[in-house]
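Values below: every heavy atom of this structure, side chains too, minus hydrogens, waters and symmetry copies. Note on naming: letters A, B, ... go to the chains in the order of the sequence lines (proteins, then strands), and numbering restarts at 1 for each one.
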Amino acid sequence: METLVACCIGFLTACGIFLMLRGRTFPVMLGLTMLSYAVNLFIFTSGRLTLRGAAVLGTSEQYADPLPQALVLTAIVIGFAMTAFLVILAIRARADLGNDHVDGKLPDADVVRKESR
Amino acid sequence: MLDKVIMLVFAMISVALLLNLWRLLRGPSLPDRILALDTMYINSIALIILYGLLMGSPLYFEAALLIAMLGFVSTVAVCKFLLRGDIIE
Amino acid sequence: MTLLWILLLPLLGSLVPVFTARWNRSACALATALPPAFALMLLLYHADAILAGGSVRFFQPWIPLLGLDITLILDGLAFLFALLILGIGLLIILYARYYLAPRDSMPRFYAYLMLFMTAMLGIVLSGNLLQLWLFWELTSISSFLLISFWWHKAEARRGARMALTVTGAGGLALLAAFLLIGQLVGSYDLQQVLASAELIQQHAWYPLILVLFLLGCFTKSAQFPFHFWLPNAMAAPTPVSAYLHSATMVKAGIFLLARFYPALSGTELWFVLVSITGLATLLIGAYLALFKHDLKGLLAYSTISHLGLITLLFGMGTDLAAVAGLFHIINHATFKASLFMAAGIIDHESGSRDMRKLNGLWQFMPITATLAMVAAAAMAGVPLLNGFLSKEMFFAETLHQHLLGSLSWVIPVLATVAGVFSVAYSMRFIHDVFFNGQPKGLTKTPHEPPRYMRVPVEVLVALCILVGLFPGYLIGDLLQAASQAVLPGEVPYYSLAIWHGFNLPLLMSVLALVGGTLIYVNRKHLFDFQNTLPDVDALNSFERGVKQFAERCSQLYQWLDSGSLQRYMTLTLLSFILLAGLPLTDLVTLWGGRAELPIDAVNATGATMLLIAAFATVVWHRKRVVALLMISVVGLMVSIAFTRFSAPDLALTQLSVEVVTIILLMLALFFLPHKTPKQSESSRVVRDLSVASMVGVIVGSLSYALMTRPFNSISDFFITNAKTGGGGTNVVNVILVDFRGFDTLGEITVLGIASLGIFKLLTRIPLFKPSSDGDGRPWALERHSLLLSTVSQSLLPLAVMVSIYIFFRGHNLPGGGFIAGLVTAVAIILQYIAQGVDWVKARMNVEYQRVVAVGLLIALATGAASWLFNRPFLTSWFDYFDLPVLGKLELASAIAFDLGVYVTVVGSTLLILASLGKMTTSHRPVHKETI
Amino acid sequence: MRFKPKFGWLPTPYRSVLLFIVWLLLNQSIEAVHLFFAAVLAVVIPLLTLRFRDPQPLIERPLLALRYILRVFADIVTANAQVAVLILGPKRRLNPAFVRVPLDLQHELPITILASTVSMTPGTVSAEIYPSAELIPAGEPMPQRWLLIHVLNMTDEAELIASIKQRYEAPLKEIFQC
Amino acid sequence: MQNWIEWAVAFFLLLGGSFVLIGSIGLTRMPDFFMRLHGPTKATTLGMGGILLGSMFFFSLSGGVSVHELLITIFLLITAPISAHMLIKTALHHKLKAISKTRGLDNIEPAQSKQHDRKPLP
Amino acid sequence: MWHLITAPVLLPMLTALLIMLPPIHYSPMRRRWVSMISSAIQLVLVVSLLMQVQQQGLIHYAIGNWQAPFGIILVADTLSVLLVCLTSFLALGAICYGSAGEDEKGSFFHPLFQFQIMGINGAFLTGDLFNLFVFFEVLLIASYALLIHAGGKNKTKAAVHYVVLNLTGSAIFLIALAVLYGTLGTLNIADMAEKVALLPADDLMLVKSGGLMLMIVFALKAAVLPLQFWLPATYASASAPVAALFAVMTKIGVYALLRVYTTIFGANAGELSGIAADWLLPAGLATIALGAVGVMASQDFRKLVANLVLLSVGTLVSLVALHTELSAAAAIYYTVHSTLVTAALFLIADLIASQRGKAGDRLVSGRRVAQPVLLGFMFMLGALTVAGLPPFSGFVGKLMLLQAVTEPGSRIAIWSLVLLSSLLVIIGLSRAGSTLFWRISGSDTAGEKAAPLQIFAVCWLLLASPLLVIFAGPFTELSQQAAEQLYDTRSAINTILHSGVVEGGKQ
Ligand code: NA
Ligand code: NA
């Protein structure tokens, strides 16, 4: 199972990073979201995997490590706040700069015309 | 016996989820994909309930309830998006 | 203490003109002159002791850690220089009173001058290397201000900057030299350094130290090849030139040579570097001076030449040469200051400094002409004047050295040649200006200056004559004391007599006078020859050089910083690959020895779905709505994974956050293009793919390595203490609200701030509302579906109840304030979606930022409440109460804290979404053709 | 048809009952504490959310409503069985259709219930209710409204319309007295 | 008693599982969007009901009562029609093609066009 | 009184919240005064905290009464409190400047400013690595919001880059934290230091990987080459008071580097001791070079100052890399000096820009400033300080840092780079100054004069420069003390982990 989970985390990271390397704000946001999934899973796995061990006292014998879970919760919330900000910033950038390229300008002037919604 | 039944149902749900994914990937239209996603949400409720059964723990009920609620909201939101563009107007 | 006052008085004096500026000019000048006059008196108060060969010292600790203390030493050398600085300084103050025009800011000038005077005094009085450097740099800065006094003139600005750059660079080299010396000797105290000559000279660093040190001296003293800044500093008002280039600024380098003479001189390297530089400077300065048409330009090159002469003297390494050097310092200061002032008078009263225009001024200003002629004669080394004496000593010393072995005769010959040119340019100064026909094209008729403007020149010229006539009587003791301070051993015998009989030096002087006259008479040919040589404009080429350098820098910088986020990201990720990945290559095996859990079919299905959905997101990222649906699947699968691996709280949170995120992304998508044009070239895609997959491999490997390792952590403590110490059975929640409640406080603060930031981003946003979707389909006309509205209204109370339930059970079972808050928020968002902003606003007109603030305040207050019980911030409290009928109830401070979380989450989420939604309602122009 | 509730503090009695039950369901307990809180919340929450509710006709015949619910449940089960057969059966036997049902109901809640019921029961899905009230200019009378439904396998259009009107719409009119 | 409940659990789970699966098969198999919609909205809802009932019985097996699954059922019953409604509205708006043998296609027209006759809202 | 250590975090938070609520929220004047007064109070409080630390030595405070390593603790040693003092001092100046009108150019200026201060102070004071992450995020999100204050294309553009890069940085931070937690089993910095020493050989490389990952994060915050690209545009486009406050943000990265690589990966870390130095020194030196080049290359004054920030970061990071007590002391002094002066220069740049009409702060000829003497004096003071020329604090900082390089190998590289970069700075600043003040074109229409509050703010920040020289003796002493305390890891660990812990966590 660990191998599978590690593969998933690695793959999610790679996908997230690839998307974050795109030149438009929307894929960057997607990539960021995906990267946070990967990171959250990563933090979570740093407490090792446990089946049937929710850290609620009295429900099982062997509890999963609760601390990484708490850290992930914090990370999720912070990640949400950050993503939200980035999303709105992207809108603002589109409004202010007239395009959705992360550098605020299109790499090629001709593209401006081609790019229709 | 119950264990075997649960595993069987697990298998059914898994197949159902894969079918949903297939429709989601296949499309062809956006409403098709949204429908597939909505179904997937509901099917995962089943999956989680089954997990609860498997582990004999009622701790997962809220997750199921939340999926039901949030799945609905997100489906509605996507539909609204396709209809009006602006989902909060 | 008096020493300190000698330094402080001029410093305070720099404030005097600022405060006396409103008085009349003379009063202001007088007031300004008072502090240096006092300082001079204080200096003279020590004269007896110093001239008797003693010294005065002042010490005050300042920064012991750096070895930088306030140490002042007044010995013969310092006395000599301080005397020149203060004495000539006072004359300059008087002179400037008349020189400056009414529109020039006199207080500013005097303030800068005083500052400069302080800096110079600081150099000569310093007994600590670092302190000396401090004043050294101060002279560069204050001279920058003085040279650029007429800042509206481009050449003044440029000249000042050039001077600053060159002397500043030298200053940095000097600092390096001082620091090396200090580390070598173990102290920055001057006396200790001077006493450690052997240690320094035998150390491997000596050459480096010497080169750096000399760089400092030579730049300041305008030695070849750093001489070019000095002529360009002539853009300064003449009093400045008279001060800086006779007695002070440029002499600082010479002073330093003299100061460190005991510690650094006496080696082959010293000789080679110093004497050759001096000789070269002497010759080049003397030669070039002749061709300058600008009076001050001529004087500038002559200054360079004389500084070269002094440097050469110090380079020769004999004690007598050093004495001669000191003597020439005094003489040069007097005649050069007077010459500059005379030039200033001429400029002032005739409106020009161009010798091609200036002719026959003798008829207009005979007194000034006489004074200038005497001073120029002293410069030329005419007998009975002070310049003659030191020049004789110089000639004599060139004869007595054997430094170049069999070629040693070259030095006296070249010295004579320099003397020849020196005579020639001095003659030009006299003849070309005061005689040589009538003035040409002057804007005003020249006349004698105001009476008191001439006084400083008269004083100095008198000194030239007096010293020339009675050298031993007037400055014998001073020179003796100064020499004693410079020379490590006994001061050798020397004679200050006017007449030494017929000897070689006299012959050299005569040769120089005759040769100089001949050259001046036949100057036409020489000028013609000189005109064929390319003209080097130091100022412009320097300026151009700096400009070009700046452009190069600009190119380099832009090449590095291309403004492309993708590049920055790639660099960041490459750092990650390098730093996080390299250690992994040293790992023998990733597997840490822990047995893996078995894989079952359901998990495999989940993982497959996750991977496929992630992949599909990437593949379809340009079809944005589809990508959004795909990433929802990823999120869903991650939540299910959390459920599977015993983390129900995480699953709940992840689910609720994801829905809100998706809604947010959709709101964003409304304003962003629905599709991304294909743009990335395949090479970039390959690059990005390889970077991404490398990062992925590293992260995956790390994760695998972690998961398969045995593990001990502090978590057992939490499991043990959750119920007894925190009063809850849901350990994760107890960690959140109690063990690590501070993190949670920070986290909700982040959320609150984010919502404020978003609100900020959305104010006055110039947005256009697209009129159709990505495929050009116009939007549906019906805003709100009847069915959805009705049902969402009925769902609200249900959702509120569910969130209350989730809120309260959180402490003991999965749930808690955060999730409850999101559920409430989502329910309210559903109202927004189903019924619109106006509908909701009519029913709930709350400013959400206030809700955020209240939520955070509740959390904060809960934490601070524990102070009342003298417990640390956020200390939790809980107890069980037996109530009639209802039974046992638990009350905990954590509930209040969680309430804060809940309120903040509701407020923030709604603030974010509602302000985004509201944006479109305030009727914006519908934009047909969106870019 | 009434809009105004009997008690100010209990504006939506049936909703309160529902909430009371939901709380108990959530807590899976009928201990005193939970009963107490259920009661409190059942009163407080409707009051809190009252403003978020457009006025709707009240249920006048609760027993009839109960019967309606039971009938719908039964229909759901049969509907599902039918649909299952249709789905698994050969595709070519299916006769899909779009059908318009004229609506007698006027108010939002009854219409919603009807449309939902139609969606949950035999082979039909509510697609659209038109014309939309939003698009009728203020002051103009509401024209005849229609319910557009999609039928998976239609045998007889008239019969279908009649059955919907009689089986579901009529009881709803009764329940809400409209 | 125990045995009886176990059988009930097994029955409901299997029933539920089958309906869920059938719903998804419908989603996959039907030829057009409108027909695909029927499976998930109905079969899945009932399937969920089955599984939730199974779960209720299962947890009753271990002592206490488990009735909160009812909530999910209620919730789904309320929301599923609305989701379906929104989806089909979207499909109509996107003018998705129904298979050719669909009858009453002209009935869609008034639902869409009547609205277009009206003057658009600001 | 023993709760004083929480004040630097909680007081700004409380202030921010109060400003967001009525009755303060309604009136701009109230918002300003509350913000300014609160900052002044905070300054007094942190200075008394510094005195407390001077008296008692290291102070640690267990939040929630859960002792380390289980709970989160705040740790006040001379270094951290000194930096908190610096922040408070700086913040007061920046807030005063902002209160002259800049604050009304967008919403929530004061609350965001206070939140930012909260984040910065929290990052300095926390003794827990994950909590450090949280405070990083607090200060980052506040900085994102402040960056876009008053709007404008440049800000938006800079913000996109700044935000995305920092989000990547946060992701890396989290991964690093997870790796460290997954191997060391703890989050407390002191506890980590203790655990690192006992690490099984098998886990060594994992911890190294995590440790070096942290370096990326901190280097990104500090803006060290090649992770510095976000800085120039960000700092140059932010509103003046914001840019001034940002001057301390890079220092947080430096602080974190200093803290983590002396405490966790310090002398006691065995094989992992000093893992960062090999990477940091070249990076720091390269940053110095880049900063110097940037100073020469800059076309406008704010960009120039931003590059000066880079230069100071490079210097600091090189000092951190030297990893000696002396270099740490130099770094501490230099931090204080460079932060205040660059902040002041950002404000001065704004004043100049607002008085030069269309030319703004671009280095081209333009209208004459309305207050040439005042601004010229301020500029001169700031320029001398930042260039490291006497008689202001810059030269003390420079002397200290040059003297801190005792290893002959690195001496030549560092000295020549530092000295050469100083020269470039002198050239660059003299060019900039003479252009801004002396190259005048067009009519002499008087621009708007600076508000008294703005002048006060600049003077307040500049005041530090002479004071840091006059009291250089005690102040260098203090830096030295802070460095000694920082390097005395053993006793810090003992105080934090092994004093007065009662079984069960609660005291
Ligand atoms: Na002439
Ligand atoms: Na139906």
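Taken from CE in B/Met69 to CD1 in E/Ile72, the straight-line distance is 12.5 Å, to the nearest 0.5 Å. Interatomic distance, OG of E/Ser83 versus CD1 of B/Ile42, reported as 6.5 Å (0.5 Å rounding). Of the inter-residue distances, the one linking E/Phe33 atom CZ with B/Arg33 atom CZ reads 12.5 Å to the nearest 0.5 angstrom. To the nearest 0.5 Å, atoms CG (E/Leu21) and CG (B/Asn43) are separated by 9.0 Å. Residue E/Phe58 holds its CZ atom at 11.5 Å from CD1 of B/Ile49, rounded to the nearest 0.5 Å. Here the CZ-CD1 distance, from B/Arg23 to E/Ile25, works out to 13.0 Å after rounding to the nearest 0.5 Å.
With a 4.5 angstrom heavy-atom cutoff, B/Val15 touches chain E via backbone and side-chain atoms both. For a residue to count as touching a neighbouring chain, one of its non-hydrogen atoms must lie under 4.5 Å from one of that chain's; by this rule E/Met30 touches chain B with the backbone only. Neither the backbone nor the side chain of E/Thr41 has a heavy atom closer than 4.5 Å to any heavy atom of chain B. If you measure heavy-atom distances from B/Met40 to chain E, you find no contacts under 4.5 Å at all. Heavy atoms closer than 4.5 Å to chain E are found in both the backbone and the side chain of B/Asn20. Contacts of B/Ser57 with chain E are made by backbone atoms alone, with heavy-atom separations under 4.5 Å and no side-chain atom involved. With a threshold of 4.5 angstrom between heavy atoms, B/Leu65 approaches chain E through its backbone and through its side chain.
Taking 4.5 Å as the limit, every side-chain heavy atom of E/Lys89 sits out of range of all side-chain heavy atoms of B/Cys79. Side-chain contact between E/Arg36 and B/Asp32 is present, with heavy atoms from C-beta onward closer than 4.5 Å. E/Leu13 places a side-chain heavy atom less than 4.5 Å from the side chain of B/Leu50. Side-chain contact between B/Leu53 and E/Ser55 is present, with heavy atoms from C-beta onward closer than 4.5 Å.
When the shell of 6.0 Å around NZ of E/Lys97 is examined, it contains 12 or fewer heavy atoms from other residues, nucleotides or ligands.
Of all the listed residues (E/Ala84, E/Ala10, E/Gly39), the one sharing the greatest number of non-hydrogen pairs under 4.5 Å with chain B is E/Ala10. When each of E/Leu87, E/Leu14, E/Ile88 is scored by its heavy-atom pairs under 4.5 Å with chain B, the top score falls to E/Leu87. Between chain B and the residues E/Leu96, E/Ile51, E/Leu27, E/Leu52, the largest count of heavy-atom pairs under 4.5 Å involves E/Leu27. Per-residue heavy-atom pair counts under 4.5 Å with chain B were compared for E/His93, E/Met86, E/His68, and the maximum is reached by E/His68.
The nearest pair of heavy atoms linking B/Pro31 to E/Ala91 is CG-CA, 3.9 Å. Residues E/Gly17 and B/Val9 approach most closely at CA-CG1, 4.0 Å, considering heavy atoms.
Only one option out of B/Leu35, B/Leu83, B/Leu30 pairs with E/Thr90 in a side chain to side chain contact (heavy atoms under 4.5 Å, CB included); it is B/Leu83.
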Exercise. Can B/Phe72 and E/Ile78 be said to form a side-chain contact (heavy atoms from CB on, under 4.5 Å), step by step?
Worked result: CA-CA 10 Å; B/Phe72 169 67; E/Ile78 298 178; over 6 Å; no
For this session: Apply the test side-chain contact (heavy atoms from CB on, under 4.5 Å) to residues B/Ser29 and E/His94: give CA-CA distance (whole Å), side-chain angles for both, the deciding distance (0.1 Å), then the verdict.
Result: CA-CA 9 Å; B/Ser29 68; E/His94 276 221; 6.0 Å; no
